[in-house]
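Quick notes on the structure that follows.
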Protein chains: 2
Amino acid sequence: MGVSLKDVASRAGVSIKTVSNVVNNYPHVTPQMRAKVQQAIDELGYRPNLTARHLRKGRTGIIALAVPEFGNPYFAELAGAVVDAAARHDYTVLVDHTAGLREKELLVSQGFRAHVIDGLILSPIHLETEDLTARTDSAPLVLLGEREYEAPYDHIAIDNVAAAREAVRHLIGLGHRRIAFLGSRTGRERQPAHLRLRGWREEHAAAGLEADDALVVVTDGYGREDGASAMAALLDRGGRPDAVFAYNDLIAVGAMRTLTERGLSVPGDVAVVGFDDIEEGRYGSTTLTTISPDKEAIARLAVDSLVERLAGGTAPEPRRQRPGYRLVVRESTTRSARSR
Amino acid sequence: MGVSLKDVASRAGVSIKTVSNVVNNYPHVTPQMRAKVQQAIDELGYRPNLTARHLRKGRTGIIALAVPEFGNPYFAELAGAVVDAAARHDYTVLVDHTAGLREKELLVSQGFRAHVIDGLILSPIHLETEDLTARTDSAPLVLLGEREYEAPYDHIAIDNVAAAREAVRHLIGLGHRRIAFLGSRTGRERQPAHLRLRGWREEHAAAGLEADDALVVVTDGYGREDGASAMAALLDRGGRPDAVFAYNDLIAVGAMRTLTERGLSVPGDVAVVGFDDIEEGRYGSTTLTTISPDKEAIARLAVDSLVERLAGGTAPEPRRQRPGYRLVVRESTTRSARSR
DNA sequence: CTGAAAGCGCTAACAA
DNA sequence: TTGTTAGCGCTTTCAG
């Protein structure tokens with residue numbers, strides 16, 4: 001095995017505690033003692049065993065982040081932001097993906113890495129309130145994303161209904177009247193797309209327009225191909241929309257691809273709005289109008305909340321925090337943004 | 001603190017060892033004993049403390065993966081594949097990003113999480129051979145990517161020169177003669193883009209064509225904006241190419257955006273080939289021809305190599321493994337692939 | 001098949 | 001200022 005404190009101690013002819021003092025930069029060590037110990041450390045190539053330290057201190061300095069998929073740039077970008085936010089608190093992030101599987105989400109939330117992670121940030125898709133209330137793991141948990149839960153955990157999410165309404169309002173304001181929603185899921189009320197779909201409905205109502213349910217398209221997943229096939233299905237069934245509000249940017253990108261293939265122009269024939277503001281949307285041949293959640297704020301709030309609970313002290317009530325967002329208008333809804 | 005083995009043992013009225021046996025599914029435990037212990041475990045909500053287990057066993061079952069950026073979908077997709085490959089060996093992956101900083105790469109390679117990770121998979125950009133030979137951390141290390149090192153570590157990378165040559169050959173075969181290379185870095189020979197640039201040169205030579213260095217554009221980074229500005233710079237300086245071979249897909253995407261903005265058509269005016277085969281390239285309004293490295297193979301080989309060294313036993317010579325790749329032809333070089 | 005005890009490497013009282 | 005010692009919770013000989 002490796003070199004331990006004891007080895008260094010005997011090499012330097014001092015006690016184990018003295019070595020520990022040096023390693024941990026304790027103030028009251030004489031310079032010469034420090035030098036002697038440091039030399040032994042260097043000679044032996046000693047590295048502290050963090051596992052032992054963790055056991056002793058009861059904490060590891062590692063927090064976990066579980067997202068559905070790295071393949072979705074939104075989560076990839078978010079993960080980067082979380083890693084950076086955590087680093088500012090001297091925490092390392094263990095990133096995991098749940099592959100959109102409820103089973104995996106359950107596993108993660110139950111603390112499958114008990115005691116090796118100090119806390120968890122989870123962005124669930126399928127988890128239910130019951131799963132959360134049945135949770136036994138004692139590590140603090142912070143939730144991310146659109147799902148709503150009646151469970152005592154911090155939850156960070158932008159106001160999805162309001163954001164969706166703003167997106168739809170933008171389209172209505174441009175004169176569109178047949179606005180499709182791409183990316184609804186079948187099943188329960190609380191499914192992820194619920195809030196954004198509700199925003200779509202509410203804004204129609206507010207504008208005195210009828211929301212046509214025939215323009216709501218269910219998808220299997222949240223990827224580009226799901227958007228492409230949803231758009232194709234919608235066109236095939238006849239009622240061509242004059243605008244599309246997609247659950248997220250990937251679906252929007254897929255939908256635009258199908259429109260291109262069908263010889264329809266964006267935004268000329270069909271305007272498109274997405275959700276997430278992934279970088280990809282800023283570089284297509286038609287850039288994408290989208291709702292841009294403040295990812296840095298989301299990451300920061302999540303990490304700060306977790307760190308606060310980890311620090312103990314005050315254990316505040318579970319909080320619901322709403323970071324900001326904004327509508328970013330690009331070419332997929334307005335030609336004018338086009339440089340030529 | 002939490003519930004420990006000891007608590008369960010006293011609750012069940014047995015020894016600590018018996019509880020351990022049950023927890024670890026040791027074969028020789030009478031069913032009734034097992035039932036009794038299991039009941040105590042359930043009642044107390046006992047979870048094994050993995051940190052303690054790690055300390056005792058000298059290993060953690062965690063491997064680290066360090067990539068430059070999650071924002072680059074190539075690495076995000078690769079990370080997903082590595083997580084899955086590792087899971088098949090019962091390893092958890094701690095994903096880290098180096099932000100393309102040499103300092104961070106150094107830190108990671110030196111084992112800043114000593115003993116909490118069993119091994120490391122690193123995709124370096126700036127690390128030098130000296131950094132690697134000076135490495136003291138004893139955890140096994142597997143390298144990924146285009147950089148070449150004279151250091152005793154396993155290295156997984158596709159044949160970048162051959163792949164680049166195939167991409168350029170494709171362009172030459174289509175009749176292009178002014179083929180730009182976007183994404184070279186200034187500085188040392190061994191900089192990442194070196195091999196792909198060399199492929200560009202070699203294939204020109206093999207075809208009896210002159211490679212025009214005025215068509216090689218240096219970029220600061222490897223993102224979409226770097227591609228966009230590189231393309232703009234190239235067009236601004238006058239010598240318009242009839243084709244572009246980009247260091248990676250992101251640069252290609254950025255370049256295509258600039259071409260669109262300038263009113264040039266792809267592939268009509270300028271054909272474009274990328275490298276990485278990120279999903280994004282399959283959904284633009286002009287899909288992207290690219291070199292597609294076998295990411296699953298890369299992830300699998302990396303994890304397998306690491307696991308093999310972790311298992312100890314035979315410590316084979318450092319190996320250089322070359323997973324496969326293929327040229328995927330799409331619309332950015334051939335209209336014919338277009339559906340209309 | 002089960003129990004007792006040692007010890008993984010470290011930190012933190014407490015002593016000296 | 002430095003040394004001694006007792007665990008953190010677990011696995012693992014070695015007995016019984």
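Computed from a predicted model, the values in this text were never measured in an experiment. All chains are named by letter (A, B, ...) in the order of the sequence lines, taking the proteins before the strands, and each is independently numbered beginning at 1.
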Quiz item: In terms of the nearest nucleotide of DNA chain C, which residue is placed more toward the 5' end: Met33(B) or Leu55(B)?
Solution: Met33(B)

May I have the distance from [X] (atom [atom1]) to [N] (atom [atom2]), rounded to whole angstrom?
X	N	atom1	atom2	answer
Asn25(B)	dC1(C)	CG	P	15 Å
Lys36(B)	dC1(C)	NZ	P	16 Å
Asn49(A)	dG9(C)	CG	C1'	6 Å
His28(B)	dA15(D)	NE2	P	19 Å
His115(B)	dC10(D)	NE2	P	21 Å
Lys6(B)	dA5(C)	NZ	C1'	13 Å
Leu50(A)	dC8(D)	CG	C1'	16 Å

Quiz prompt | Residues Asp131(A) and His126(A): side-chain donor-acceptor under 3.5 angstrom | solution =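 Distance-only check fails for Asp131(A) and His126(A).
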
Self-check item: Passing candidate, side-chain contact (heavy atoms from CB on, under 4.5 Å) with Val303(A), options Val93(A), Val83(A), Ile121(A)
Solution: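 Of the listed residues Val93(A), Val83(A), Ile121(A), the side-chain contact (heavy atoms from CB on, under 4.5 Å) partner of Val303(A) is Ile121(A).
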
Quiz item: Is there a side-chain hydrogen bond (donor to acceptor under 3.5 Å, both in side chains) between Asn21(B) and His28(B) once you walk through the steps?
Solution: CA-CA 8 Å; Asn21(B) 284 345; His28(B) 308 298; over 6 Å; no

Report, one line per pair, each donor and acceptor closer than 3.5 Å where one atom sits in a side chain of residues 75-82 of chain B; sequence neighbours left out.
residue	atom	partner	partner atom	Å
Glu77(B)	OE1	Lys295(B)	NZ	3.3
Glu77(B)	OE2	Glu279(B)	N	3.2

Exercise. Write out all pairs satisfying side chain to side chain donor-acceptor pair (under 3.5 Å) with one or both partners inside residues 60-75 of chain A, taking only residues at least two apart or from two chains.
Key: Thr60(A)-Asp118(A)

With a 4.0 Å limit, can you tell me whether [X] has a side-chain N or O closer than that to the phosphate oxygens OP1/OP2 of [N]?
X	N	value
Thr51(A)	dG9(C)	no
Ser15(A)	dG3(D)	yes
Thr18(B)	dT2(C)	no

Practice problem: Assign a letter to each nucleotide of nucleotides 11-16 of chain C from its 5' end: B, base within under 4.0 Å of a protein heavy atom; S, sugar-phosphate only; -, no contact. | Solution: BBB---

Quiz item: Quick one: does Asn24(B)'s side chain have a donor or acceptor within less than 3.5 Å of a partner on Ser20(B)'s backbone?
Solution: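 Yes, Asn24(B) side chain to Ser20(B) backbone: donor-acceptor pair under 3.5 Å.
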
Quiz item: Is there a donor-acceptor pair under 3.5 Å between the side chain of Arg11(A) and the backbone N or O of Leu44(A)?
Solution: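 It does not hold such a pair.
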
